[in-house]
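For clarity, every value in this text was computed on a predicted model and none was experimentally measured.
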Amino acid sequence: MKKPPIWFWQIALLVMIFIIWHIATSPDLIPPIFFDNEYRAAFFFGEPAKIFNAIWVWFMSGEIYPHLWVTLQETLLAFAIGTLLGLAVGLWLGLTPLASAILDPYIKAMNAMPRVILAPIFMVWFGLGIWSKVALGVTLVFFIVFFNVYQGVKEVSPVVLNNARMLGANASQLLRYVYLPSATSWVFSSLHTSVGMAFVGAVVGEYLGSAKGVGYLIHQAEGAFDINTVFAGILVLTVFALLLDFVVTFAENKLLKWRPQQAETETT
Amino acid sequence: MATALSLTNISVTFTGKSGGGGYTAIKDTTLNIADGEFVSIVGPTGCGKSTLLNIGAGLLKASSGEVKVFGEPLIGLNQQAGYMFQSESLMPWRSALANVTAGLQFRGVEATEAARQGEQWLERVGLNGFGNRYPHELSGGMRKRAALAQMLILDPKIMLMDEPFSALDIQTRQLMENELLQLWETDKKSVVFITHDLEEAISLSDRVIVLAAGPATHPIGEFAIDLPRPRDVAEIRMTPRFLELHAQIWHAMKEEVLKGYAQTKNKVVA
Ligand SMILES: Nc1ncnc2c1ncn2[C@@H]1O[C@H](COP(=O)(O)OP(=O)(O)OP(=O)(O)O)[C@@H](O)[C@H]1O
Ligand SMILES: [Mg+2]
């Protein structure tokens with residue numbers, strides 16, 4: 001007999017989790033174990049059937065799309081701006097030792113600062129629209145990309161560098177054909193983390209104050225003690241993040257073909 | 001004959017980063033390579049061969065002494081020279097073809113023309129069909145050959161080669177050596193060829209220079225190789241004159257090799 005593929009088990013596990021969740025939270029299936037009241041479990045943990053119903057209604061009525069769209073926009077903008085800034089500053093500081101020596105403590109301090117605290121300040125600066133969320137995401141993405149690019153510039157093989165110089169590369173060609181490709185490979189290795197951070201920035205920003213976005217939906221539902229809608233929002237966000245991650249993996253495989261990986265062989 | 005590359009009274013002292021005084025790798029070395037001459041440099045490991053080549057390439061500034069290229073004092077990089085490095089020097093993010101054509105690209109040669117020449121050079125070094133492989137998909141020897149093509153495509157007047165063929169098997173190596181000799185005989189470039197293989201040095205060169213063991217290395221012997229040209233590197237090794245030269249140079253080197261080995265060993269113990 002053929003063994004079922006791995007995704008079969010993954011799906012089976014997911015179904016299992018929902019079934020157990022359902023059984024444990026339904027008021028009338030089993031007697032309450034931890035709670036003195038059969039409705040308590042549902043109050044704290046929601047009920048899968050109602051959660052899926054909420055999601056169903058969101059997508060059928062189309063109510064969710066504008067919110068998803070806003071969250072996606074914020075994520076992508078934060079990612080793009082943060083990456084470009086990180087790339088530029090990382091290249092600059094990587095190539096100018098004096099500037100990097102002077103700025104070193106400031107960068108360490110800014111990176112150590114818990115940036116979620118900045119969210120209210122960004123709201124004052126950029127308003128309740130998407131830009132305050134983008135700003136929060138940028139502060140998160142920037143440092144990841146920056147540190148990776150900085151490292152990438154420092155770790156360009158001196159032999160490769162000298163070889164390019166001997167082949168006649170001038171300063172700007174070195175930047176474009178040696179430092180940049182080397183740094184981009186480091187950016188890509190941090191891509192999963194930085195896309196994730198852009199997403200976190202967007203959702204947290206929405207959660208703390210906005211009129212649109214999935215984070216906002218969750219915040220509203222929490223205000224109404226509507227636990228099922230809260231979980232519905234979380235599920236939607238999770239699937240959304242997973243999809244983003246797939247896209248990243250795809251882009252990575254396309255763009256980093258040159259990187260040595262575990263050698264792959266064909267069996268005949 | 002004109003002098004292509006001349007190093008006069010070169011000394012190199014590396015600053016000691018881990019405390020203590022600096023390390024003098026090269027002391028008072030004078031070296032002249034004539035235009036069109038093929039010179040090999042042999043010497044025990046760690047004596048300063050690569051360092052000397054870096055000086056000639058302009059990648060490293062000598063602590064004292066003078067470098068001249070075709071009579072002109074060298075400022076900055078040596079534009080007349082191609083350099084084949086001892087360690088991996090290909091850009092890992094570029095395919096073999098893109099690596100070979102890099103120099104042309106830096107000079108602004110149009111892309112299709114560069115690719116055409118690149119394909120030609122890949123074929124000459126026996127890499128046709130491997131143009132779109134990335135360096136990590138090539139064998140060590142293939143990478144060396146790509147690096148050779150990368151240097152030769154620019155047609156440099158002076159070729160600085162740091163143990164270029166040491167990663168190759170003996171057959172491929174002799175093929176490449178013959179190819180190099182042919183290239184060199186057709187347009188008489190000046191070659192500074194570093195190797196630790198004395199047979200390779202003798203069979204290729206007009207002159208073999210033996211360096212002393214470090215620190216403070218300097219040439220301790222210079223041998224003109226009066227073997228007839230054109231040569232076939234495999235056949236020339238059988239001739240009596242070759243064996244005679246080999247015995248002579250080996251005798252001069254032996255002491256230095258043992259010295260160099262003893263020093264490396266002591267360094268590790270100390
Ligand atoms: N950047 C550096 N800083 C300090 N010491 C150095 C540096 N580069 C080389 N050296 C030292 O100078 C000496 C000569 O090094 P070099 O690389 O020129 O040797 P080599 O003759 O090419 O050896 P091999 O045959 O093993 O390649 C060595 O003792 C080495 O430790
Ligand atoms: Mg060396």
K.L.:
For residues A:M166 and B:L77, determine if any side-chain heavy atom of one lies less than 4.5 Å from a side-chain heavy atom of the other.
P.N.:
yes
K.L.:
Name every donor-acceptor pair, under 3.5 Å, that has one atom in a side chain of residues 65-73 of chain A and the other anywhere in the protein, sequence neighbours excluded.
P.N.:
residue, atom, partner, partner atom, Å
A:H67, ND1, A:G213, N, 3.0
A:T71, OG1, A:H67, O, 3.0
A:T71, OG1, A:E206, OE1, 3.4
A:T71, OG1, A:E206, OE2, 2.9
A:T71, OG1, A:V214, N, 3.1

K.L.:
Does any backbone or side-chain atom of A:S182 lie under 4.5 Å from a heavy atom of chain B? Answer side chain, backbone, both or neither.
P.N.:
both
K.L.:
Could you pull out all residues at least two apart from A:Y177 that satisfy ring-ring contact (aromatic ring centres under 6.0 Å, His included)?
P.N.:
B:F106
K.L.:
B:Q150, B:Q86, B:M151: which one forms the most heavy-atom pairs within less than 4.5 Å of chain A?
P.N.:
B:Q150
K.L.:
When the side chains of residues 82-99 of chain A are checked against the rest of the protein, which donor-acceptor pairs come out under 3.5 Å, sequence neighbours left out?
P.N.:
residue, atom, partner, partner atom, Å
A:T83, OG1, A:F79, O, 2.6
A:T96, OG1, A:W92, O, 2.4

K.L.:
Return the minimal non-hydrogen interatomic distance between A:V160 and B:L90, and the atom names on each side.
P.N.:
CG2-O, 3.5 Å
K.L.:
Check B:L59, B:N54, B:L60 against A:N162 for a side chain to side chain contact (heavy atoms under 4.5 Å, CB included) and give me the one that passes.
P.N.:
B:L59
K.L.:
Got more than 12 heavy atoms from elsewhere within 6.0 Å of NZ, B:K61?
P.N.:
no
K.L.:
Counting only heavy atoms not in B:R107 (residues, nucleotides, ligands), do more than 12 fall under 6.0 Å from its CZ?
P.N.:
yes
K.L.:
So for B:Y83, is it side chain, backbone, both, or neither that comes closer than 4.5 Å to the heavy atoms of chain A?
P.N.:
both
K.L.:
Closest heavy-atom contact between B:S89 and A:N163?
P.N.:
O-ND2, 2.9 Å
K.L.:
Between A:V156 and chain B, which part of the residue has a heavy atom less than 4.5 Å away: side chain, backbone, both or neither?
P.N.:
neither
K.L.:
Write out, in numerical order, the residues from residues 139-150 of chain A with a heavy atom short of 4.5 Å from a heavy atom in chain B.
P.N.:
none
K.L.:
Any idea which of B:R94, B:M91, B:Q105 has the most non-hydrogen atom pairs under 4.5 angstrom with chain A?
P.N.:
B:Q105
